[in-house]
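Here the structure is laid out as structure tokens; the discussion comes afterwards.
FYI, the numbering just counts along the sequence from 1.
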Amino acid sequence: MSRYLLAGGGTAGHVNPLLAVADRLRRDDPGAEVVVLGTKEGLEARLVPARGYELATIAKLPFPRRPNGAALRFPGQYRHAVRSVTHLIRDRGIDIVVGFGGYAAAPAYSAARSAKVPYALHEANARPGLANRLGARSTPWVGVAFEGTRLPHARFVGMPLRPEIEELDRAAARPEALAEFGFAADRPTLLVTGGSLGARRLNQTIADRAEEVTAAGWQVLHIQGGRGELTDPGIEHYRLLDYCDRMDLAFALTDFAVARAGAATVCEFAALGIPAVYVPFPIGNGEQRFNAAGVVEAGGGILVDDAVFLPSWVDARLLPLLAERPAVEEMGRRAASTGVRDGSDRMVALIRSALG
């Protein structure tokens, strides 16, 4: 029986691949002990216990970006976090640490070195985060979700996907999905999602053109996320949701999508052959644009700047494309050519290699 410490969290982009790997480890070895390391503030605080895993927490420690009081306190706080995780590794007899980025990952890598146990890591974004850039220097076991990710020792494994996505048969699930959302069987479906945090411009632009999209023969499943700023206008064949707990059913219906370019979104769409317009998040280190680069280059997606994604763009580009069903279907095939459905198996194989 092996004992694993999986470290990471903060956002769904870190938590979902972590949970996918945890599920695969437990499926392959029901006796395996899996402990997850995260913070009390991150999404993992809710999702990890709900999935049936033990969650150990440390303080949220952002790397200091400028010289100030927080930067002066950081070294001592970081050493304390590393000591705490080192004690956890030794007390629980952990055999290997696996990190997924986020606030908990860097202390976990340092603690693994201190406790002299191997560690592996997975980087979900095409442009790596700081924790994984530092951690990859000291381990040969580095899995990445996108080809060409610049990390030492990087091996392409793809994105570990949730079992309900990895195993989704879209055609077989379509009748249940139609019933779930109350949609018509004879209309194609446009999925619009800004992710759990929402996307104000994306949401408003689609809401402004909802009547035109439905008049073109499509139905719209619009998952706005965020603070739920839009109200449902009551347009036929248009459904507005704040959140969706059955994204597998949403994907089963989707013929085309408009979305942010988060790593999980891009990888899930590609794995399922869903063509999309990607509107990268305009703030941060620009990783979303890089996430979508491969599928866009293959012809399975279109990249649009947030500032450009306006009703006029929908009129000029999106509506004409939606009117060409053969072109939409060809985009789906091209998206699928870049997709990976066995990322969990590939990452678990890398972890087992690290275990020797």
Side-chain angles (χ1 to χ4, degrees), residues 4 6-9 11-29 32 34 36 43-44 47-48 51 53 96-102 105 119-129 132 135-136 139-151 153-170 195 247-248 251 259 261-274 276 278 287-288 290-295 298 300-301 334-355:
Y4 303 90
L6 307 188
T11 66
H14 296 306
V15 178
N16 284 337
L18 182 155
L19 289 174
V21 168
D23 289 346
R24 190 54 46 88
L25 289 169
R26 191 162 60 177
R27 188 201 71 177
D28 293 349
D29 179 9
V34 177
V36 177
L43 201 58
E44 64 274 17
L47 295 184
V48 168
R51 198 70 154 243
Y53 294 104
I96 185 169
V97 172
V98 185
F100 294 83
Y119 72 89
L121 64 85
H122 182 270
E123 176 54 56
N125 284 297
R127 176 174 280 185
N132 279 351
T139 179
W141 313 108
V142 179
V144 297
F146 294 98
E147 298 272 15
T149 300
R150 299 182 65 179
L151 277 179
H153 315 116
R155 302 186 207 182
F156 175 69
V157 298
M159 180 72 77
L161 301 176
R162 295 168 286 171
E164 59 268 29
I165 303 301
E166 183 181 86
E167 300 165 9
L168 179 64
D169 183 331
R170 295 177 65 205
M247 288 304 295
D248 56 324
F251 291 161
T265 298
V266 173
C267 291
E268 288 174 346
F269 285 174
L272 298 173
I274 295 173
Y278 293 105
E287 73 272 6
Q288 288 203 352
F290 291 93
N291 291 343
V295 69
R334 290 173 178 266
S337 72
T338 70
V340 171
R341 283 215 183 195
D342 61 348
S344 296
D345 284 335
R346 295 186 188 199
M347 188 61 200
V348 166
L350 184 68
I351 293 167
R352 298 204 188 288
S353 296
L355 277 170

For the backbone of [Y] and the side chain of [X], can you confirm whether one donor and one acceptor N or O come within less than 3.5 Å of each other?
X: His14; Y: Phe100; result: yes
X: Tyr53; Y: Val36; result: no
X: Thr139; Y: Tyr119; result: yes
X: Arg346; Y: Gly158; result: no
X: Tyr278; Y: Ala293; result: no
X: Asn132; Y: His122; result: yes
X: Ser353; Y: Ala349; result: yes

So, taking the atom named [atom1] in [X] and the one named [atom2] in [Y], what distance separates them when rounded to the nearest 0.5 Å?
X: Arg352; Y: Trp141; atom1: CZ; atom2: CH2; result: 13.5 Å
X: Thr149; Y: Arg155; atom1: OG1; atom2: CZ; result: 14.5 Å
X: Leu355; Y: Ile351; atom1: CG; atom2: CD1; result: 8.0 Å
X: Asp342; Y: Arg24; atom1: CG; atom2: CZ; result: 9.0 Å
X: Met247; Y: Leu168; atom1: CE; atom2: CG; result: 11.0 Å
X: Ile165; Y: Cys267; atom1: CD1; atom2: SG; result: 12.5 Å

Could you work out, with side-chain hydrogen bond (donor to acceptor under 3.5 Å, both in side chains) as the rule, every residue matching Asn125, not counting sequence neighbours? Asn291
Set out, in order, the CA-CA distance, both residues' side-chain angles and the distance that settles side chain to side chain contact (heavy atoms under 4.5 Å, CB included) for Leu272 and Arg341, then state yes or no. CA-CA 8 Å; Leu272 298 173; Arg341 283 215 183 195; 3.0 Å; yes
State whether Arg162 and Asp248 are salt-bridged, where the test is any N-O pair (Lys NZ or Arg NE/NH1/NH2 against Asp/Glu carboxylate O) under 4.0 Å. no
What closest approach, in Å, do [X] and [Y] show between heavy atoms, and which atom pair accounts for it?
X: Ala259; Y: Thr265; result: CB-CG2, 4.0 Å
X: Gly300; Y: Arg334; result: N-CB, 3.9 Å
X: Arg51; Y: Pro163; result: NH2-CD, 3.8 Å
X: Met347; Y: Pro160; result: CB-CG, 4.2 Å
X: Ala7; Y: Leu18; result: C-CD1, 3.9 Å
X: Gly273; Y: Ala336; result: CA-CB, 3.7 Å

Under 6.0 Å from the ring centre and within 45 degrees of the ring axis: does the NZ or CZ of Arg150 meet both conditions for the six-membered ring of Phe290? no
